[in-house]
6 protein chains.
Amino acid sequence: MIMDTTSLPKSTSVALFPASFDPVTNGHLDIIYRALRIFDRVVIGVAVNIAKTGAFSVEERIEMLELAIGHEERVEITTFDDLTVDFATRVGANVLLRGVRAMSDFEYEFEMALMNKHLKPEIETVFLMSRQEYLYVSSSRLKELVRFGREVGEFVPTHVAKKLREALGSS
Amino acid sequence: MIMDTTSLPKSTSVALFPASFDPVTNGHLDIIYRALRIFDRVVIGVAVNIAKTGAFSVEERIEMLELAIGHEERVEITTFDDLTVDFATRVGANVLLRGVRAMSDFEYEFEMALMNKHLKPEIETVFLMSRQEYLYVSSSRLKELVRFGREVGEFVPTHVAKKLREALGSS
Amino acid sequence: MIMDTTSLPKSTSVALFPASFDPVTNGHLDIIYRALRIFDRVVIGVAVNIAKTGAFSVEERIEMLELAIGHEERVEITTFDDLTVDFATRVGANVLLRGVRAMSDFEYEFEMALMNKHLKPEIETVFLMSRQEYLYVSSSRLKELVRFGREVGEFVPTHVAKKLREALGSS
Amino acid sequence: MIMDTTSLPKSTSVALFPASFDPVTNGHLDIIYRALRIFDRVVIGVAVNIAKTGAFSVEERIEMLELAIGHEERVEITTFDDLTVDFATRVGANVLLRGVRAMSDFEYEFEMALMNKHLKPEIETVFLMSRQEYLYVSSSRLKELVRFGREVGEFVPTHVAKKLREALGSS
Amino acid sequence: MIMDTTSLPKSTSVALFPASFDPVTNGHLDIIYRALRIFDRVVIGVAVNIAKTGAFSVEERIEMLELAIGHEERVEITTFDDLTVDFATRVGANVLLRGVRAMSDFEYEFEMALMNKHLKPEIETVFLMSRQEYLYVSSSRLKELVRFGREVGEFVPTHVAKKLREALGSS
Amino acid sequence: MIMDTTSLPKSTSVALFPASFDPVTNGHLDIIYRALRIFDRVVIGVAVNIAKTGAFSVEERIEMLELAIGHEERVEITTFDDLTVDFATRVGANVLLRGVRAMSDFEYEFEMALMNKHLKPEIETVFLMSRQEYLYVSSSRLKELVRFGREVGEFVPTHVAKKLREALGSS
C-alpha cells in the first residue's frame, strides 16, 4: 500500500450511469436524483449495442430520458458503443454508478467492478441500493406487465407509461 | 415519485465511514483514499460502544488512525456513541460510506441501508468494493494471524503491525 | 399496520401452482401432495406462453399431469395465458404455491413475490421447500439426461419417463 | 415416490409460528394475519429456552402478544421448551410457519426445514415472505433503535413501543 | 502466469482435514472416506483452541475418532494449536480438505481459502460437497437434538451416539 | 453409513476437467497446474455439443490447449459428447474437477455435483477456488474485451491472445 505524504486534492466528481434504459423507470430516476445530491455531475449512458434487441429504439430511449430528467442542469444524456470504462474516460467520469436491487444483481456487479478496477484503477465503482419500493421494479418486468394489459403508471413517468402501452399493450 | 421541476443544487459531499477500526487495516485505508477522490470530505467514525470488547482502547484506535491518515486535510477522525445516522447528521455527512468485501457483508449491509434510508432519507448509503487483494483482510482475521505468531505487515501500516505484535503476539 | 378488531373469518384455501410442467416431475408431484394436506384445493396451472418452446405441447403436458395426479378430487388442472395473479383471481385462488429447490430459485421468487404482493395484496405467496432427494431435479436437467441416453424413471412417473424417451431419447 | 390411488382427504390446517417474540413486531403480526387467511388455526409459540437472555420475560412477551393478537379467535398463544417439531405434534400443528425477511434468513431456514422434514415428515414447513416495508425490521434491530433513543412506534403496536421505552430507553 | 517448460512431477498427496469434531459425525466420516479414495493420506486435525468450549474434551474427541476411523491405515488422527496452514506444513500436507454443506459455509470458506492461498501458495484448499443426506447434519445441531431427548443414531457412529446421550441427554 | 472394516486401498487419482475452453484462459491453466500437484493425472475434456456456438472450432480449442499445456506428461487433452459422468468413466477418471470463481458459480455447481453423485457415486466432484487475480476472468468476459479492442495478454497465453485478436478484434 503506497500512501500519499501530501494531501490528496479533490477533483470534480462525475458519475457515469450506464444502462440500457429500455425504458427508463422510476427506479432509474431515483438513483439519478440521489446521485445528483452527492456527485457534481451525472452522465446517463444508453448502451447502443445492447439496445438493438429492446422494445424501443435508441432514439426513443433518449427521448424518454430527456423528458424525464433532461431539465436537470447537471445531467447529461448520451449513448455509447465502447467498453464502459473507456466511455467513462471519454466523458471525464471518475465514478461508475450502479444501482443494486438484489443479491443476484450484486453478484454480477461484484465481478464487473473487479474487472473494471483492473482495467482503469482511477475509476471507482459506486453502488447505491434501490429504494425498497423499487426492489422488484425492472424494465423487463414492467414490459411483461404491460404485455398482460397491466397499468404501470406508478413505476414509470407518465409519458413512459404511454409509450409502453403503445408499443406493447394488447389492443 | 415526485420529481423536481427546477434543477437540484449540488451540496458539498461529506462521507461518514463508521467502523470499529480495531485496528485500522490497509483495506480501510484503501476505501478512505478512494472516497477522498470522489467526496469533498471524509469523516472517520470510531464506534465507541462496540469498541469496549476489542483488542485496543478507543484512544489507541484513534492514535493509529491519526498516524495512518491524519495528514490528509479533508479527513476528520472522531468517535461516536449514538445511532450511525444521527451521528451522520451531527457531523453534516450526507453519505454513509461502506466497504464491502464479500456477499455475506453485503447481505447485512443491505438491511442496514434500507433501515437507515427509512430513518434519514436524506442520507445516501454508498458502497465501495474492496480491492481484490484485500477481499480476505479483516481486522479480526489479522488479529488471529498475529496471535499465531504471523507477520501482518503487508495488510496494515508499519506502526499498526508493531502495536498488534505488542498487544497480541506470543512472546 | 391496520389491525382488525373483530376476528378474521377463515375462507377456503385454494392454492395455485403455476409452472411450465415440461414435463411434470416427482418434485412437482411431491409439492402438490404436500399442498393437498394443508390447503382445501390445488389448481395446477400450465403456463401457455412459456409452453411454446418446450419439449412437449400443452396438450401433452396436461395429459401427463392428468395421468399422474388427475385422480385427486381436490386437484384441478388447467392452462393460463395471462398474468399469474390475474389467473389466480380468475380461479379463486388466494395462495400462490411455489416450490423452492435452491438459493438461486429463491432469489428470483423473492422479487416475484414482492411484485405479486403489490399487484394483488389479497393473494399470499407460499413457499414449500423441495424434498432433499429432489433438490437437484428439474425438468430441464431431466431432459438433458434423457438426451444423453440416461434412464430417469426414479425422478418422474413411469408414463412420463416413456414419453421423454420417445420425444428426446437417442434411438 | 409412492402415490396414493385414492383421493387424499383434507385435514384441518394448524400452523405453528415459533419464535422468541422479544418483543412481537408488526412484521410478526403481518405474518400471523396473512396465515389466518389461509390456515384454519395459528398457534403462536414463544420459545422458552431462548427467552432467558432477552429483553423481556416470557410472561411479558405473552402479555404483549395477547394484547396485540389475542382477540383473534383462531389464534392460540403458548410457550414451549422442547424441540419445535415435537411441540408441533403436541399442539396438533401440521404446518411450521416461518417468515423470511432476507436471503440469509432463508439459508438457515433451508437447513432447519430439511432437518425437520426428516424428523417429522408429516409436518410441512411453509415460508411467507415479509412485506417489503418490514424487510429490515427485526426485534433485535428495534431494540437497538430504542437504546439509542429512537421512536419505533411505526414498527410495533403502541403498547409494545411503550414497553420497549420503559425497558431499554435512555432516560 | 509463469508456466513450467518441463513436466511437473507428481508428489504424494496428503490431505489435512481440520475441524473441531465435537463430536465426529457421519458427515465427517463420509468426507474422510471420499478423500481416502483420491488422496494418498488423510490427516485428521482436532483444533485444540476451539475445543475448549465444546461438549467433549480433546481426549474424548480423539477417542471417538479413533474408534470410528482409526483402523484405516492411511489415516492419521492428531491435534493442533497453531495456524491451520502452519499445521499443514508441519504434517507434510499439500491439501487442505474442506467439506461444504451449504452456501453460507462456502462464503466463509471462500475467504479463508483466499487467505490461506496467500499465506502458503503451495497448499491447495480442496472442497468436497456433503452428501445430500448430510446437508443438514452438523455437530451443533445434533447436540441440540440430543439435549431435547432425540435419538441421533442415524447421523453418528453408535459409540458416538452413546457418548452424546451420556454427556447431554436429559435423564 | 456403511463403514469398511478393512483398510480402503488407494487407487490412482485421475481428475477430469470438463469445460468449453473457448478459449483456454490463465484461470483454466492455473486450476490445471494446481490439480497436477495433487492428482496423478488430469484429463482436459472439451465439451463438443456446447462448442458449436463458440468463437473457436473444437479443433482450434484443442490446438490452443495443446500449445499451452500439452507438454505436461500427466495431462491428456480430448473432446467429449456424452454426459460428463459417463465421459469420466470412459477415461477412467475418479474425480470431477471444477474451478469456482464466485458464489453464483458455486450455486450451479452444487446442484450438478449432487446430481452427478447420484448418477455415479464412485466419482468425486472436487472444487478448487480461482486465484484472486482470476476471480473476474472468464472466457466470455475476455471475448467481450477483445471485441472492444482491448488487450488481454495478461489473462491468456500469448498464442491465445493472438488468436482472439484475429477472430474477434476490430480491424
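Letters A, B, ... are given to chains in the order of the sequence lines, protein chains preceding strands, and every chain is numbered from 1.
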Exercise for review: Report the C-alpha separation of F:Arg147 and A:Leu83 in whole Å, then their side-chain angles, then the decisive distance to 0.1 Å, and conclude whether the side chain to side chain contact (heavy atoms under 4.5 Å, CB included) test is met.
Suggested key: CA-CA 9 Å; F:Arg147 275 191 202 97; A:Leu83 209 57; over 6 Å; no
Review point. Who passes side-chain hydrogen bond (donor to acceptor under 3.5 Å, both in side chains) against F:Thr25, sequence neighbours left out?
Key: F:His28
Practice item. Go through the structure and list residues passing side-chain hydrogen bond (donor to acceptor under 3.5 Å, both in side chains) with F:Asp86, not counting sequence neighbours. Key: C:Arg150, F:Lys120
Measuring from [X]:[atom1] to [Y]:[atom2], what's the distance to the nearest 0.5 Å?
{"X": "F:Arg101", "Y": "A:Leu114", "atom1": "CZ", "atom2": "CG", "answer": "10.5 Å"}
{"X": "F:Leu135", "Y": "A:Met115", "atom1": "CG", "atom2": "CE", "answer": "11.0 Å"}
{"X": "A:Asp81", "Y": "F:Phe148", "atom1": "CG", "atom2": "CZ", "answer": "6.0 Å"}

**Study point:** Greater than 12 external heavy atoms within 6.0 Å of F:Glu73's CD
**Key:** no
Point to revise | Polar side chain donor-acceptor pair, F:Glu133 to A:His118, under 3.5 angstrom | key: no
Review point. Which pair of non-hydrogen atoms, one from F:Tyr136 and one from A:Glu111, has the smallest distance, and what is that distance?
Key: CB-O, 3.5 Å
